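For ligands, and for the atoms within them, numbers begin at 1 and follow the listed sequence. Keep in mind the model is a prediction, meaning the values are calculated, not measured.
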Amino acid sequence: MAKPTILMTGAAGGAAGLLRPYLREQVALRLSDRTDAPRDLGEGETWQAADLTDPAAMAALVEGVDGVIHLGGQSVEADWATVRAANFDGLFNILTACREAAVPRFIFASSNHAVGFYPRTRRIGTDELVRPDGLYGVSKVFGEALVSMFCDKHALRAMSIRIGNVAPAPADHRRMAMWIHPEDLAALIMIGLTHPDVHHSVVYGISHNERAWWDNKTAFDLGYVPRHHAEDHADFAAAEQAKIGPNPVGDRFQGGAFCGDGFTGDLERTLKS
Ligand code: 15L
């Protein structure tokens with residue numbers, strides 16, 4: 001049987017590079033970014049350059065695909081014009097193209113920064129209020145809301161994955177709580193693309209992390225079984241952490257340095273609420 005064709009946006013980025021080897025075994029990947037094709041296209045991978053801010057390019061990009069893994073857009077904090085173009089207009093454009101082409105499945109790469117201002121002392125699920133830690137975090141909250149509306153109103157099935165940090169190993173103390181191995185993220189994505197019970201599921205993108213601040217019940221209920229353990233990399237993470245200086249604000253919150261960036265608030269009040 002032919003493999004389903006899945007579009008991956010943001011395919012020139014770091015997360016895409018880590019995910020592709022795990023996903024291309026299971027699906028044919030139509031890769032896209034604003035740049036030219038990379039030299040390492042594998043078996044079953046094709047490339048189509050496109051800009052998220054161009055609605056016509058998005059319509060051409062989604063033609064004939066069975067699902068979308070949307071990693072594209074602005075992936076860290078930036079000024080409002082940049083975040084708005086890539087993560088507000090860009091997401092609207094690709095979702096509209098999906099609706100018009102009746103694409104059935106959509107994976108939205110949300111982020112821990114949608115809830116970054118929760119103190120590290122709190123354990124949260126996916127039903128608490130959002131607490132974004134910057135304009136980028138706000139764009140991820142908006143993204144989850146827009147995806148939700150397309151599912152309720154336009155028959156899309158989608159998964160918003162609040163990714164902690166995808167990497168071969170957790171890069172510091174904070175990432176020990178929110179790290180996800182690319183193989184685990186690929187497994188979560190495949191659940192989002194195929195599980196019959198998915199309407200719009202919001203899940204956390206983490207591996208098996210004993211120090212996690214998140215209750216990932218919504219993912220476990222869909223059969224997610226992470227294979228990788230953050231504690232296996234504890235020495236590496238501690239060594240990396242030792243190279244980083246303290247961040248008086250960021251070290252108190254789940255979003256880390258994103259919270260400290262430009263902070264002029266009342267630290268104690270934010271921590272208490
Ligand atoms: C994110 O959302 C970013 O896309 C990624 O580059 C990391 O900064 C990650 O969060 C993180 O918090 O570690």
Considering only non-hydrogen protein atoms, determine which one is nearest to atom 4 (O) of ligand 1 and report residue, atom name and distance to 0.1 Å. S75 O, 2.6 Å
Test item: side-chain donor near acceptor, D79 and T82, under 3.5 Å: yes
Any donor and acceptor pair, going by atom type alone, linking the side chain of K140 with main-chain N or O of P132 inside 3.5 Å? no
Counting heavy atoms only, which part of N112 comes closer than 4.0 Å to ligand 1: side chain, backbone, both or neither? side chain
Per-residue contact class, K140 against ligand 1 - non-hydrogen pairs under 4.0 Å: neither
What atoms of ligand 1 come closer than 4.0 angstrom to any heavy atom of Y136? 1 (C), 2 (O), 3 (C), 4 (O)
Can you tell me if F263 has over 12 outside heavy atoms packed within less than 6.0 Å of its CZ? yes
Atoms of ligand 1 under 4.0 Å from any heavy atom of G164, numbered from 1 in the order shown, are 9 (C), 10 (O), 11 (C), 12 (O), 13 (O)
Cationic N near anionic O, under 4.0 Å, E240 to R175: no
If you count the atoms of ligand 1 from 1 in the order shown, which ones are under 4.0 Å from a heavy atom of F258? 8 (O)
Return the residue, atom name and 0.1 Å-rounded distance of the protein heavy atom closest to atom 11 (C) of ligand 1. R174 NH2, 3.1 Å
Note: ligand 1 atoms sitting under 4.0 Å from heavy atoms of N165 are 7 (C), 9 (C), 11 (C), 13 (O)
Hey, are R24 and E43 close enough for a salt bridge, meaning a charged N less than 4.0 Å from a carboxylate O? no
Here the pair of heavy atoms bringing A50 nearest to M58 is CB-CE, 3.8 Å
Quiz question: by atom type and distance under 3.5 Å, do the side chains of D89 and T53 form a donor-acceptor pair? no
Heavy-atom nearest neighbour of atom 10 (O) of ligand 1 within options H113, Q74, R175: H113
